[in-house]
Protein chains: 2
Amino acid sequence: MIFAVLTMTETLLEFFKAMAHESRLRMIGLLAQREHSVQELAEKLDLKEPTVSHHLAILKAQGLVTARAEGTTRWHALDRTALERMSAQVLQAPAEKLARTQPKRPEDYDTKVLRGFVRGDGTLTHMPAQRKKRGAVLRWLMRDFEEGRTYSEGEVNEAIQRHHWDSATLRRELIGHAMMARENRVYRRQPREMWKEGGEAQSPRT
Amino acid sequence: MIFAVLTMTETLLEFFKAMAHESRLRMIGLLAQREHSVQELAEKLDLKEPTVSHHLAILKAQGLVTARAEGTTRWHALDRTALERMSAQVLQAPAEKLARTQPKRPEDYDTKVLRGFVRGDGTLTHMPAQRKKRGAVLRWLMRDFEEGRTYSEGEVNEAIQRHHWDSATLRRELIGHAMMARENRVYRRQPREMWKEGGEAQSPRT
DNA sequence: GCTCTATTTAGACATATGTCGAATTAGATG
DNA sequence: CATCTAATTCGACATATGTCTAAATAGAGC
């Protein structure tokens, strides 16, 4: 499992932080009963919509809440699977491992960006709109590919789909950013120097 | 289980809050390996002693950490039982119930006091020194006794010991505060009017 | 494209929480 | 009892987080 952005401790920490607020706990309770729109939640919790949005974002980042759009309103629901998965992790959490965290190495740009789009289980909530941020996500996807071997299109798609359903678009972007190269029908990871660290993207070299 | 001061949601919330900080998570990790003194923790976590004390207090309030004195230093250890117990509760936590919390009824004096002495599992960390606060704890202990029936000394002790080992002292205090009465060898709960709410304690009526 | 509605984002402000130095307490030791 | 040490408590300050209003966005229906 090399997909997660965060270490075990960080994952747990983020999970606990997400749960450590009355409004959010109550929100989970409400969502456990049935889907709710932002407005409904705001009403029941006696908060303003923006505040509810804010809390929902935090819960979504943990994969605890999912949303489905219907017209302009969004129906939010509790993902029980995620809740159970995380709880189970808490339960097993070999307390020993918690100690191994390094004091707090300040996190780099990519990590900071990813924090906003990657759920605890390694799936993406959505793709960033900003080009720079998309870069961070793409670099992160590259963790799944080794240099020096080839991948079929199917393999590439499969790897990407562990994180996001739209493997077609992302696959193209990986090439657009010169992270992957395609020759004939075969994909190959490009050396890191070609795309490392915030550099402007090279032109596609199909 | 009528012992807890807090509702289910509140208990969970306090637990999550306790866990939702990097220093405390790391502290738990360290304590999982072996006992530590405050100094050691301060050293390993790169914090000052007062800060460590502060965090330990929070963990202790949840019953997650226990301490044993040796001379002037105190050795702190993780109570795995407590950790597992709480984790299990998280796991089962019928999310449904979370919703039932009332918005936030401001808490009364007793609750506020109890928060500082009662762990999540209903045991007392220690008895308050201040008379007024002891009153709050004693009133809380009275939850275990019904009016209109009698208790043997053994039953009284047993009930008290679910919260604190020193049943002898506490039993005497319950009588001193006119919450319980003893006739012959039989104990009986006094009507609430006799001791309700912060009133000065009546003189013992053995 | 304009307008209406639900939601989200941005920025300001308030509250809660963590951290520390200084002062205090509690136990040990002479 | 004076003194030493480990720990805790207190109070000040800094940071993090929650909440709000105002402004921006995204979809639906003209």
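Values below: all heavy atoms of this structure, side chains included; hydrogens, waters and symmetry mates excluded. A, B, ... follow the sequence lines: proteins, then strands. Residue 1 opens every chain.
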- [ ] Give the ring-plane orientation class for B:Phe16 versus A:Phe16, where under 30° counts as parallel, over 60° as perpendicular and anything between as tilted.
- [x] tilted

Open item on the list: Counting C-beta onward and ignoring hydrogens, is there a side-chain heavy-atom pair between A:Leu30 and A:Leu78 closer than 4.5 Å?
Closed with: no

- [ ] May I have the distance from A:His76 (atom NE2) to C:dA6 (atom P), rounded to whole angstrom?
- [x] 13 Å

Task: First-last contacting nucleotides on DNA chain D - partner chain A, under 4.0 angstrom, heavy atom - done: D:dT17 to D:dA28

TODO: Rounded to the nearest 0.5 Å, what's the gap from CG on A:Asp46 to CG on A:Leu41? Could you check?
DONE: 12.5 Å

TODO: Applying side-chain contact (heavy atoms from CB on, under 4.5 Å), run through A:Val38 and A:Arg74 and close with a yes or a no.
DONE: CA-CA 7 Å; A:Val38 174; A:Arg74 292 167 151 273; 5.5 Å; no

- [ ] Quickly work out the B:Leu56 CG to C:dT19 C1' distance and round it to whole Å.
- [x] 15 Å

Open item on the list: Is any side-chain heavy atom of B:His21 closer than 4.5 Å to one of B:His55?
Closed with: yes

Task: Members of residues 34-42 of chain B that approach DNA chain D, where some heavy atom sits under 4.0 Å away - done: B:Ser37, B:Val38, B:Gln39

Using the 3.5 Å cut-off, write out each protein N or O paired with an N or O of nucleotides 9-11 of chain C and the distance between them.
none

Open item on the list: I want to confirm an ordering. Mapping A:Ala20 and A:Glu70 to their closest nucleotides on DNA chain D, which one lands closer to the 5' end?
Closed with: A:Ala20

Task: B:Glu153 bridged to B:Arg185 by N-O distance under 4.0 Å - done: no

TODO: Tell me what B:Thr73 touches on the nucleic acid: a base, only sugar-phosphate, or nothing, going by heavy atoms under 4.0 Å.
DONE: sugar-phosphate

Open item on the list: Counting only side-chain nitrogens and oxygens, does B:Arg24 get under 4.0 Å of the OP1 or OP2 atom of C:dG18?
Closed with: yes

TODO: For residues A:Leu174 and A:Tyr187, determine if any side-chain heavy atom of one lies less than 4.5 Å from a side-chain heavy atom of the other.
DONE: no

Task: Spacing between A:Leu47 atom CG and C:dT7 atom P, to the nearest angstrom - done: 14 Å

Open item on the list: Are B:Ser23 and B:Leu47 packed together at the side-chain level, in the sense that at least one heavy-atom pair is separated by less than 4.5 angstrom?
Closed with: yes

Open item on the list: Between A:Arg68 and A:His76, is there a side-chain heavy-atom distance shorter than 4.5 Å?
Closed with: no

Task: Expected output: side-chain A:His36 to main-chain A:Arg34 donor-acceptor under 3.5 Å - done: yes

TODO: Would you mind reporting whether A:Phe15 and A:Leu13 have side-chain heavy atoms less than 4.5 Å apart?
DONE: no

